[in-house]
Each structure stands twice: as C-alpha cells, then as structure tokens.
Amino acid sequence: MLGLAADRLRADMNRLLAFLFHQGILDEQFLQLQQLQDESSPNFVSEVVNIYFHESEKLLRSLRSLLMDREFSDYNRMGIHLNQFMGSSSSIGANRIRNVCVAFRAASEQNNRAGCLRALEVLEHEYCFLKNKLHELFQIQQQRVLAAGVRYPMQN
Amino acid sequence: MGLKLKQSYHHSVTVKVNEQMGTKRGYTFIQANRAWLPKFLLLWVMVMAFLSTWIYKKMDADNKVRRKEVLSSMCDQRARMLQDQFSVSVNHVHALAILVSTFHYYKDPSAIDQETFAEYTARTAFERPLLSGVAYAERVKHSEREKFERQHGWTIKTMKREPSPIRDEYAPVIFSQETVSYIESLDMMSGEEDQENILRARATGKAVLTSPFRLLGSHHLGVVLTFPVYKSKLPPKPTVEERIEATAGYLGGAFDVESLVENLLGQLAGNQAILVNVYDVTNSSDHLIMYGHQNQDGDLALLHESKLDFGDPFRKHQMICRYHQKAPTSWTALTTAFLFFVICLLVGYILYGAAIHIVKVEDDFHGMQELMVRAEAADVAKSQFLATVSHEIRTPMNGILGMLALLLDTDLSSTQRDYAQTAQVCGKALITLINEVLDRAKIEAGKLELETVPFDLRSILDDVLSLFSEKSRNKGLELAVFVSDKVPEMVMGDPGRFRQIITNLVGNSVKFTERGHIFVKVHVAENPKPIDDAKAESCLDGGSDEAALISGGRQFNTLSGYEAADERNSWDSFQLLVTAEALQNDASEKMTVADEASRSVTLMVSVEDTGIGIPLIAQDRVFTPFMQADSSTSRNYGGTGIGLSITKCLVELMGGHISFISRPQVGSTFSFTTVFGRLKKASRSDMKKSNAEDLPSGFRGLKAIVVDGKPVRAAVTRYHLKRLGMLVEIANNVKIAASACGKNGSSCGSKIQPDIVLVEKDSWLSGEYSCLSLRMLDRKQNGDLFKLPNMILLATNITNAELEKAKAAGFADTTIMKPLRASMVAACLQQVLETGKSQPGKGMPNGSSVLGSLLCGKRILVVDDNMVNRRVAAGALKKFGAAVECAASGKAALKLLQLPHSFDACFMDIQMPEMDGFEATRRIRMLESQANEEMNGDTEKGSGRKDEWHLPILAMTADVIHATYDECLKCGMDGYVSKPFEEENLYQAVAKFFKTKPISDS
C-alpha cells in the first residue's frame, strides 16, 4: 500500500514537473538545482526556493512602490532590482519570470511607465503562479519523503 | 491629464484641417469670377442683341439696294422701249411725209388723192402702232382759199366745225387715214397746239411734238406729231425763211400716249409691281403728265427717273417709276437675325448653366473634401482617444488584477477563492480585450513602434506553442512547429510583436479546430527554385514508397493526416523544401556567404489548421476589424474579431503581408511574410548565449531513431532533436527501425547505433507487436554487449492505461508530450537518460567526477548580493566537494580577503550595489600587489611561503557580452562563468587554474 502511494506521488510529481516544463515556467536549470540536492543537503531545493520567494517578494514590493510613485519613478533602482530578480530567477530556472523580467527591464530602460506597469502585473501574476506550483511540488515531495520513509526525493 | 491631452489632439486636428484646406483650395478661373457670372450673361445677351440688329440692318440695306437696282433697271428698260417704239413711228411718219411730197407735189397731176392715201395708211398702220391716225394738211394762203375751196368742193372749217374765219394762212386737212377721217377739211391752224406745232415744224424741218392734251375723238391724253412737207427741194443749208417759203403742207399724227404706254407695259414682266408715270418736263416748273395718275398711291420713298428722248429737241420728257407697294418687311433678314439671337442666347445660357454647375460641383467638392479631412481627423482623434482611454483603463485594471492575485495568496474560504478566481479570470479577459483595442488604436494612430532587438525565433515559437499546449492537448490536436535550417538562429526584430502575431494566429486556429492539427512552419521566403526541381526525383524515391503504402488511400500527407486547405503544405512540397535546404547547406557555402551579406532576411511563416475554415462569403472581410465570419461565430467561439486585423497591421508594419487560403470544413492556412534583420556574424556568437534560450549541450552527438508513419510529423520531431545536436534517422514503422537496429547490431556500428528510439504513439499502437519484437530482437542480438537504446513514446495525449501498456512494452517512464519544444524534450531526455545511467551507463562527458576532483577540498569565496544566487552557487560548488564561504557584498568580500587568507578562488558577481565586482576586484588586486611588494622584500631574506599572492577571481555574470569579458580581464579578473552554473562551463573556467596546480602541488 505504501508502495502504491509512493508510485502515485511520483507520477503526480512527474506530471507536475512535465507541466511546468511544457509551459516554459521552469527550465533545465531547475533540474540542475535538483541535482545539487543530495544527502549532505537534503532540503537544498526547497531552501533555495524559499530564499528565492523571500527575496522576490521584497523585490516585488519595492518595484511596486517605485512604480506607484506617480510623480517620479526611479528607473535606475528599478533596473537594479530587476537585475537581481532576473539573476535569482535564472538561478532557480524560473524561465518565464526571467523572460518577463527582461521585458520589464527593457520597458524601464525606455522609461515606459505603462510598459513597466504591465510587466509588473504579469510578473506578479507569474510569480504567484510559480509560487503556487512550487508549493504544490514541495508538498508532494514532502509526502513522498514521508511515504518513502528514508528515500530521498528525486533519487528514482 | 486626459482632458488636456484630448484638447491638444483637438487642436492639432484643427490645425491639420486648416492646413489641408489651405493647400487643397485651388481656385479655378470660373470659381474666382463666380460673382461676375450673371453680369457676363447679361453682357453676352446685350452683345448678341446688338449683333443680331446689325445683321438685320445689313441684310435690309442689301435688300433695298437690290430693290432699287431692280427698279432702275425696269424703269430704264421701259423708257428705252418706249423711246424706240416712238422713234420707229416718227421715222415712218417722216417716210409718209416724203411720200406725200414726192407723189403729191412732184408729180403733176398728183398721184395721191384721199382714197389712195387712206388705203395706203390703213395698210401701213402696223408700222405705226403708236399713232391713232395720220393726216395731211395743205398749206393754203388766204389768197388761195377760194380757189382751194372750189377745187375741193368744201369750205375750210375750224376745229369747232364752223367755217373758218379769215386768216393769213390755213392748213386744212386734205388726206386723212380712215381712223381720223373726222378731221378732214378741218383747219389745223385753228387749234392752238397744232398751230404752234405747225409753225415750229416748218421752221425746223423736223418732227415736232405738242405738249400732251386731250385728243379729239377720244378722251385719252395724247401728243400730236407734225412733219413739214416741202414743195421743192431745199438747198443744203436752208434758212428758216427758205423753209417757210418751201413748205407745202404738214403731215401730222396723234400719239395716244396713254393706251400706247399701257400696251407697252402690258408686254413686260413685273407690270403689276411698278407704277410708271410719264411727264412732259419742257417747262421745268410745271410738269405735265402724259401717262399715269398724278396722285396715285405707291411707295413714295423710292422712285427712279429715266430720261425720254422722242426726237424733238424742244420738248423734254421723263419717265418716273416707283413700286406699287411699299417695300415688304424682309422676313429672311428678320428671321435670320432672330434665330441668330436665339441661338446665341441659348449658347450663352448653356455656358452660364455650365459655369454655374461647375461652381456648384466645385463647391460641393470642396465641401466634401473638408468633410473628408474632418472625418479623417476625427478617425485619428478617435484612435488617439481610444489609445489614451485604453491606457488609462489598463492602469487601474493592473491594480485590480495585482490585488486579486495577492488576495488569492491569502487564506480564503473556497467560495471566496472561487469568487476571486472568477474575478481574476474576468479581469484578465478584459485586459486582453483592452490590450487588443489599444494595439489596434495604436496602429491606427500610427503610434506603434517596433523595436529592433536580436531574438531567437525558435524559442519564441516554442513559447507560443507551450501556451496552447494545454488547450490543444485537451482537444486532442497535434500542435507542431517547424523552422527550416536556413532560418538564422538570431534575427533582429520585434520579438513581442512577432510573438503576438503567432499567438493570434495559433490562438484562432486552436479556437476553431476540433480535430486534426495545427502546424506552424517557418522558412526563408526566397527559395532557390532550380535546386528544388533538380532534387525532386532524387529525394522521392527513398523512403516515401513505404510511406505511401502505409498512409495511402485514406489519408493526406499532412501533419495529422487530415486534409489541409493549402496543398502546398503537404508532404511532397514540404519534403522538397527540407531536402533542398539540407542539400544546399551541404553543397554551397557560397550561398550562405551570400546570405550573410544581405542585411535582412524575409521569412515565410504559415499557420495551418484543419478547423472549420472560413465561409467563402466571409473571406474578403476577415481582416476587417470587428468582423467575424458571422455573428454566430462569436456566440460559439467568443472573441471580438479584432485579432486578425491587428495581426494584419502588425505584419504590414514588419514589412510583410498576410494572406490565407481557406476551405470550409477543411481548414485554413494563414501565411505571412516578415522581414527581419540579420545579425552580424561577430556579434552573433556573443549575443547567442545571453539572449537565446540555452539548450543543454549534453545531447550533442547522440543518435536517435524516430519512428513515425507520418513524414511531416517525423520531420518536426527531427527538427527539435536536431536543435539539441542529435543525429536523427527516420523510420516509417517499427519494423524498419527494428531491422535498422538489428543490422547495426550485427555489423557493429557500420551505420548508426541509436542511443534513443522515439516512437510516435500512433505508430506504436499500429505496430504494437512488432514493437515488442523489436525489444526482443534487441535483447537477443545485443546480449550484454551493447547498451539498450532508450525507448521513448511521443504522444499528444495518453491515457493511464496506455501508459501502463507502454511501460510494459519497454518504454521509458517519461513520455514526451506534444507539442514538442526543444527545451522540454531536453528535460525529458535528461530524465530518461539519467535513469538509464544509474545502471552501468557511461557518465556524462567531463562528468562531475572530474570537476569534483578539481574542486575537492578547495576553499572558495562566493560574492553575490543576491541571496538566491549565492545559495545556488554555493550549493553547486559544495556538490563538487569545495568548501564554500559566502559574502553578500563587495565590502564583505574585501574584509574576508584581507591578507593573509586561505581562499583558493573567488567567484565574484559583477552587478552589485555599492561596490560592484570590478571595483572589488581592483581593490583585491591592489591589496595583493602591496602584499607582494612587501613579500618580495622578504623573499630575499627567507624562503617565501608562496610565489606571490594572486587569488583567481572569476566573474559571475548573467549577460556574457564580449565587452564585459574584456572589462573583466582589464580589472584583473581571471575568467568568467555564466550565471546559472553549468557544469561544463564551470569546469572550463576552473580547469585553467586548478588543473596544473594539483600536479605541481603534489
């Protein structure tokens, strides 16, 4: 019974991952990240991703506040934030977010406030989506860890 | 702000209107003189009236002159005739006088008596038509009277038939014509006129005439002609006395002028028209009328006088002619003039009407033009307004959506979540619509500008396809993209807009397609035709025979086997295209060189679907905004119908054009061309890394067999695998694949030994058993000598049952789901190959073990302000056995790197706030050089612990542009790694420093 559950969970996880790849939300960098996870750092991926979420939320907040300042938008600082965001996103393989960031940065370089707002909206949306999906993924992973007892995730 | 904007738009619009009015008002001559037109008409009429009067006058005058000429000629003719007749009569009387003198006086006894005379004159009367009669009177002196009376037997009587009183002389008539026999024996001298006549005649010896008087016997006016008769011959120049002395008698005749003239005139034409009067004008003050009535009516205005000469120089006569009636009004002249006037009037009026019409039309034209300009301006204003308004709407909408997204993140009850999600979905739909309207408006207002940045067309196509993968999979559609090899990897253009076009077309296709496939194909528009033709046969005789066998009859050679609207996309032409390109790439490097030379490349993109198609009647308004095929379309499928018009605009902005072929119930194929710039070769290699989607290079050189009965689909699969650098063979069915494997196995890799076999689900299902046998065959043949090829299933959608079956048949766990994307395929393959590798399998090239040995035990400092990056980098390096420390900023790194330190290497992020990587590196190098100088001093004395301080510093950067690399080197860095760590990349960078060192150390 336990084995069945584990199989189901693994299938679920594969499906979810496949979906994320199909949609271009994640790229192979995420796989690389997963490969970095081993016995010495069993929670490496979720750790990194949590840091990523934390940082990203900060960045998103400051981006929004920068943009909401109607009189004066500090495009330089926005660019710095976006570079950070882009860097961290590409590190965890959040491909779609990275692409949106590129567009966002292009808009901010042109001081195109409307474009920025649009990009920010997309960015926030993508971010939420990614967050939900990754949370889902980690939940499944945790369940797998529980179900498999000693087995570590992704060591199929 | 919006109001102000609008005002300025309005202002600009009016200015535009004015400008256009100014330039377009070209006044014509007529337009300029429009006020004068009625005056012109009046003037014209007056001139014409004057002209026609003049014509009338002229014609009338001509008429009068002619009339006068006619009158004078008639008059002269009559006068001449009268004169001639008269003179003929006079001559005859003269002859009579000579006869009398000859036969009465020269003969003795006289040969003439009354009887003879009467008879002779009667018989010669026709010679004297004008004379009523002639008579001869003898000169009798008083002394001879008695003798004379006795001799004749009668007494001389006066005109009043009384016996004559005594006179000096008498002139009794002795001979007379019968017509005037009543005057016989009458004394001519007793009549006043006769006496005068007789005296004058014998004095001159010529014929003389009396003035007109009423003749005896008739009451007509007449004149008497008298001729003298001499008894003896006169001397040659006789004096008056001699003449009187020689006179023997007088011959006289009475002219009845009235009947005479009447007779004469009666013989002539035009008698009625004119009125003739004959006057005796001897006494110039008192004209005696000879013929005609004194006071007769007639045209008094015009008369003609002709002189008459009756042979008597003493008497003067005159003929006066005038017309009976007044000159008739000349109708010809009158009608001519009148008609002329009328015609001119009409012509004038027509011209006037035309001018008025021209003026009116021109006015209308100007009005219309003005309206048109206004309408255009209004249209532009509308677009601008739309653009502004949509823009203004979008901003708060973004807020709403953002907030909704945040709201969804919070803890919500399921109902609340449902509501919020619905709101979000609606909001998204709304914002899509607004974006579309905005795009359309922007394009119309000419505000849309395309950017020109390098981008990877293939990855964009992959992205778009992945967007629709969910939908297409749910519908069971095949969704595929194929980009020909000739299309450059990176092009210059507007990726966003290109994506929008593709998204639009594919979105439409997905929306309207229920079965079959959607196929996006990109190739270079200029196809070298000759190569096509040349290779046509050579490539057809290969494997296509089997293909025709399998798919023959029921199916079409398209992606999914359904019929497509545009036959050009079927396998035959597609294959030609592919093979031609392949051959061309192999054969002629020149061609590519030429391609490089040209600055731009024209791509032909076609999106083919097997959907419901577009009804024929709707095909010509597909690109009109807000037009859908029919109103039921929007009911069934939703949408505003604005998408295609935007697409068209965008395509045209990109320098291409769009067209489509559609057959109802068969499908539609939209194709468009667009022009992109080429990248220069030098910059390409740099740009490639930074912008392109990085495909893992781990699969390079792997060999794969694709088993697919449908050649187009197989070609698509091959295209994706090729992008990963794999070598691909295509087999039409499993058997062929199996035999290929078998052959290879036995002949030991004479051809390819496949690492992977990709089997299309359809092919697998159709040839399930042979598939199994393939497996068996493999087992048997290979034994343990060769590793088994990984079998992977390709599917659009797959059920769990099928999945189980596939697993049982020996397929890998991971099924590659369509639509294919290179990166996704890569991820899946990686997963499959790794599971394979956990068995004996060969490691990855330059695998982690090598890197591990390089890095094992090294102390490495990672400097990055981005915590995530820091963590990932640290994780990656730790995995290879390195001891990692982290620093969050350049300053912190400097602190850690104060000499002496024990780090073996440093990975430095470039873009950091406060102190960036370059600056930090510069400072580290400064510290090192200081320390080295000091150390050099020390090394003289004691042996140095190390050669000198030089910490390898590697830049970490996301965008690896050449310039950045140069800058890295300039500020003292030793190398760089691109940011998301890739093993190979990391290895290459690290190897430089550590490879030699361990050896030297050990």
Side-chain angles (χ1 to χ4, degrees), chain A residues 10-11 14 17-19 21-33 35-38 40-41 44 47-49 51-52 54-56 64 68 80 83-93 95-96 99 102-103 106 110 113-114 117-118 120-121 124-125 127-129 131-132 155-156, chain B residues 391 394-395 397-399 401-402 405-406 408-409 424 428 431 435 451 453 462-463 466-467 469-470 496 691 693-696 813-815 817 819 821 823-824 826-828 830-831 834-835 838 848 864-873 875-876 878-879 909 911 913 958 979-983:
Chain A
R10 200 180 62 164
N14 275 345
L17 271 176
F19 168 77
F21 284 123
H22 272 303
Q23 298 285 307
I25 293 165
L26 290 181
D27 61 16
E28 45 290 326
Q29 186 63 30
F30 189 74
L31 289 177
Q32 300 234 348
L33 205 63
Q35 281 164 22
L36 293 181
Q37 179 165 297
D38 54 17
S40 59
S41 50
F44 178 74
E47 197 184 315
V48 169
V49 169
I51 297 172
Y52 172 73
H54 186 70
E55 291 284 306
S56 301
R64 179 155 283 281
M68 282 307 154
I80 293 168
N83 269 336
Q84 283 224 2
F85 207 163
M86 232 159 67
S88 51
S89 301
S90 55
S91 279
I92 69 152
N95 187 32
R96 239 167 45 190
N99 287 341
V102 171
Q110 289 167 358
R113 192 152 172 283
L117 278 169
R118 186 162 57 167
L120 181 61
E121 191 264 339
E124 278 171 345
H125 170 69
Y127 171 72
C128 287
F129 188 73
K131 194 178 169 184
N132 286 338
Q155 288 298 109
N156 352 330
Chain B
H391 184 81
R394 220 165 44 163
T395 316
M397 267 314 289
N398 280 328
L401 284 177
L406 291 180
L408 280 172
D409 274 350
Q424 200 183 25
K428 273 182 194 160
I431 208 147
N435 282 345
E451 47 180 356
V453 295
D462 281 351
D463 285 351
S466 73
L467 273 182
S469 59
E470 192 77 14
N691 277 308
E693 170 192 46
D694 294 323
L695 293 174
D813 293 345
T814 316
T815 308
M817 297 293 282
R821 300 179 50 199
S823 59
M824 186 268 296
C828 290
Q830 198 164 0
Q831 225 169 355
E834 253 156 41
T835 55
S838 61
S848 48
D864 198 330
D865 65 313
N866 189 324
M867 206 197 281
V868 179
N869 285 356
R870 211 157 59 218
R871 192 72 189 81
V872 172
K878 261 183 200 162
K879 197 183 174 199
D909 187 26
Q911 286 173 320
K979 190 88 75 66
F981 281 137
E982 270 176 40
E983 264 177 66

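What you see is a predicted model; the values in this text were computed from it and never measured. Each chain gets a letter, A, B and so on, in the order the sequences are listed, and its residues count up from 1. Side chains are part of it too, since the values below use all heavy atoms of this structure and drop only hydrogens, waters and symmetry mates.
Considering CG of B:Leu401 and SG of A:Cys128, their distance stands at 11.0 Å, rounded to 0.5 Å. Summarising the geometry, atom NE2 belonging to A:His125 is positioned 10.0 Å from atom CG belonging to B:Leu408; distances are rounded to the nearest 0.5 Å.
Heavy atoms closer than 4.5 Å to chain B are found in both the backbone and the side chain of A:Leu117. Neither the backbone nor the side chain of A:Phe30 comes within less than 4.5 Å of any heavy atom in chain B. Only the side chain of A:Glu55 comes within less than 4.5 Å of a heavy atom in chain B; its backbone stays farther off. Within the 4.5 angstrom heavy-atom criterion, only side-chain atoms of A:Phe44, from C-beta onward, approach chain B.
Looking only at heavy-atom pairs under 4.5 Å with chain B, the residue among A:Glu121, A:Arg64, A:Glu124 that has the most is A:Glu121.
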